[in-house]
Amino acid sequence: MIYFPKYCLVYKHVCTYTSVTDAPIKLFLYSCFLRHPRSRNYTSEFDSCRLEAVPVEFGDYHPLKPITVTESKTKKMGRKGSTSSTSSSSSSSMIDPLSSVLDGTDPLSLFAATADPVTTAANTDTTRKKRDKDDSLVVGSDFEPWSSKRGEILARYTTTEKLSIVSALLNDFGSQKELLNLTQQDYMNRIEDLNQSLKDAWASDQKVKALKIVIQCSKLLSDTTVIQFYPSKFVLITDILDTFGKLVYERILSMCLDNRGSLPDNFTPESVNDTAKETCLNWFFKIASIRELIPRFYVEAAILKCNKFLSKTGISECLPRLTAMIRGIGDPLVAVYARAYLCRVGMEVAPHLKESLNKNFFDFLLTFKQMHGDTVQNQLVVQCVEIPSYLTLYSPAIDWILQCIAYRAPEVLLTEMMERCKKLGNNALLLNSVMSAFRAEFIAARSMDFIGMIKECDESGFPKHLLFRSLGLNLAMADPPECDRLQILNEAWKVITKLKNPQDYINCAEVWVEYTCRHFTKREVNTVLADVIKHMTPDRAFEDAYPQLHSIIQKIITYFHDFSVLFSAEKFLPFLDMFQKESVRVEVCKCIMEAFIKHQQDATKDPVILNALLHVCKTMHDSVNALTLEDEKRMLASLINGFIKMVSFGRDFEQQLSFYVEARSMFCNLEPVLVQLVHSVNQLAMETRKVMKGNHSRKTAAFVRACVAFCFITIPSLTSIFARLNLYLNSGQVALANQCLSQGKIGVCFNCIIILSCQKTEYYYESHKLHYYENILWWLFSDFSFVYVYRRINEAHVVTF
């Protein structure tokens, strides 16, 4: 307890020589003698602490004083002449040291005076063109990097079959050893070990060993014995190649430094010393001596950036040669991934060389028929792989090549690509990659053309529903012509609704739900939801599609902010019933409540909204158990409280109280909700007093007593002592303000406060925090004492209703 000796003496004197015996009154008197802060004028104190301002005359010298340059007549300056331009400061005779060195001539003013306007405009155009060219030399942030696709490829292309790896680096004698029957995880761990071995060999200055590791890893890309795993294998091996290319580049770059510091990013071969050039050439000569095509191609592509040390045109000369080398690779799958790697390296070192990118893609189109050749078909038969599954292996490589080509490309290029697709018989694989690569605005503007091409595609090779899914993804980001929107939806849904496989159906429907919500009304959305329920309910197929179903809910509440319209949709609540798993159902309910609190502007009493959201809140509340974390409880309580605050029946106070009573019975396990309900009921009682202007009728007096009874019944169920103290005080004040003296609730509330405050415990734990009673009661009794004294004074004037 904190004591103030001076005031304690006064308090002792008052209590000794007066007949005050009531403890709360004594406490009130004691609070009157507490020290109060003195009044302060912060503005005057701040002004008094300021430094004294000293006026400075314009003629005085000051180092930060600006120099004004006045331009006068200027003559052409000869070798021995000078201009008549004068430099002066405003009303100052001080000599500027810079002007004195320049003999009174300001070079900027001189340049501005002598500049030719035509020359200036030409220089401006040249600068703009140079800036545009520089922008084309770098890849902007709007280009999706390879690193963002890496994880998706590794997760999608997996296998359960056994893998093998051949390495010539398991011992120091160079003998080869084949590791057989490796699981996918063992294979990935072994590749990671090779990557670490590469770094260790380089760090220990064993450059030859490092090169051997890279060559052996590159050879693995010619192996397609487990063809379903090839895209993931490509990702793992190219990580090693990227590491090798970075190490070689940094090694040569460090040799260029000497004593000159660091080279600029746009350095020229002339600034590279002979030692660095010789080392760079040595690396290229070593790689050129590799006998096998695939490792020689990959290793040289990995260090393609090192051509900058040799000549300005080195990269532009190597790219066509490497592109031509890929033509010697017989397997179409291996070849297309080699082209993808070359495009990736090319975009990193020379993104402005678009011709090389186009050449790689057109070469791929020329070899397109190899996919259906006898060699590939025999390989698929041996590995028991279907054609549709095989064609999907090409998607990452083709998507990347087309992404590089389509980056900042004009719309005319899309037209050319569509024509080439038509010449190949509207190949579905190629068409899917085109829709994935080009800008969504270009695709949306030609939506009906793409739908016509999709209809003509062969169903056996690449599933049409994947094509409609790719089209839907573009239409979710860009709007098609308004006159075509309904026809687009009808044509797409005709194909989607015929899908028999529930997983294929929901993957495609999930995308088109957003298009429907974006451009249509409740009627169309309700039709789509009914179709989803029809396809996903048999055999409880929805249990395997919770992520997609959750995504559909998120998209609907993103576009529909009027919840009276949303909940009036016939199929919305049945759609929610498909979330049978409790954890998923709670997450969906939280999404709905967050959207309601965010977008609902006005209080509501719509029975459709109230019944639906009470059901949603009840679902969240019932998920609370003994293992629920406190943070989760607080989040759920916050959402439920947000809903309770948005419910208002206007002047129908009895209906409002009935709602609070129902809410108390439904959310009894969340204390913050009960606290909010007590506050809401107290506020309701005060609103009743305000309407009646303090003079209650028999009916309103009974209603106010019911509100006080609600609080008196609810508060004891709380475990938080501080919350009970606070609510007892507030409820007592409300009861006193509404003259509920005869009911006895005021005395009960205040007696409860006294009982709780007289506990012997000095502190207690609540919500993992240490609370001291002294700190809590100091502020509480300042209000409580006054209210209690006021009540004792007015007990003789009790008014009953």
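Bear in mind the structure is a predicted one, so any value in this text is a computation, not a measurement.
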* Structure fact -> All heavy atoms of Thr516 vs all of Leu489, minimum pair found to be OG1-CD1, 3.6 Å

* Asked: Excluding sequence neighbours, so at least two apart, what forms side chain to side chain donor-acceptor pair (under 3.5 Å) with Asn507?
  -> Gln548

Excluding sequence neighbours, so at least two apart, what forms side-chain contact (heavy atoms from CB on, under 4.5 Å) with [X]?
X: Ala541; answer: Pro502, Met536
X: Val691; answer: Arg651, Phe653
X: Ala445; answer: none
X: Pro145; answer: Ser147, Ser148

* Asked: Looking just at side-chain N and O atoms, do Thr714 and Arg664 make a donor-acceptor pair shorter than 3.5 Å?
  -> yes

* Neighbour count >12 (heavy atoms, 6.0 Å) for atom CD, Glu144 -> yes

Extract all donor-acceptor atom pairs below 3.5 Å that involve side chains of residues 602-617 and protein atoms in other chains or at least two apart in sequence.
{"unit_1": "Thr604", "atom_1": "OG1", "unit_2": "Asp606", "atom_2": "N", "d": "3.1"}
{"unit_1": "Asp606", "atom_1": "OD1", "unit_2": "Val608", "atom_2": "N", "d": "3.0"}
{"unit_1": "Asn611", "atom_1": "ND2", "unit_2": "Pro607", "atom_2": "O", "d": "3.1"}

* Asked: Is there a donor-acceptor pair under 3.5 Å between the side chain of Gln184 and the backbone N or O of Thr159?
  -> yes

* Check: Glu524 side chain, Thr521 main-chain N or O, donor-acceptor pair, under 3.5 Å -> yes

Would you call [X] and [Y] a side-chain contact if the rule is heavy atoms closer than 4.5 Å?
X: Met371; Y: Tyr394; value: yes
X: Gln228; Y: Tyr390; value: no
X: Ile488; Y: Trp512; value: yes
X: Leu154; Y: Arg150; value: yes
X: Met347; Y: Leu357; value: yes

With sequence neighbours excluded, what pairs up with [X] under the salt bridge (Lys or Arg N to Asp or Glu O under 4.0 Å) test?
X: Asp539; value: none
X: Asp562; value: none
X: Glu687; value: none
X: Glu543; value: Arg540

* Structure fact -> Residues pairing under ring pair (Phe, Tyr, Trp, His ring centres under 6.0 Å) where one sits in residues 479-503, two or more places apart or in two chains, turn out to be none

* Asked: Think Arg339 forms a cation-pi with Phe361, using NZ or CZ under 6.0 Å from the six-ring centre and within 45 degrees of its axis?
  -> no

* Should Arg420 and Glu416 be marked as a salt bridge (Lys or Arg N to Asp or Glu O under 4.0 Å) after you check the CA-CA gap, both sets of side-chain angles, and the distance that decides it? -> CA-CA 6 Å; Arg420 289 183 176 270; Glu416 181 182 354; 3.7 Å; yes

* Structure fact -> Output for pair (Glu582 CD, Ser623 OG), nearest 0.5 Å, gives 5.5 Å

* Residue pairs passing the salt bridge (Lys or Arg N to Asp or Glu O under 4.0 Å) test where at least one lies in residues 427-448, sequence neighbours excluded -> Glu411-Arg446, Arg439-Glu441

* Asked: Angle class for the Phe579/Phe575 ring planes (parallel below 30°, perpendicular above 60°, tilted otherwise)?
  -> perpendicular

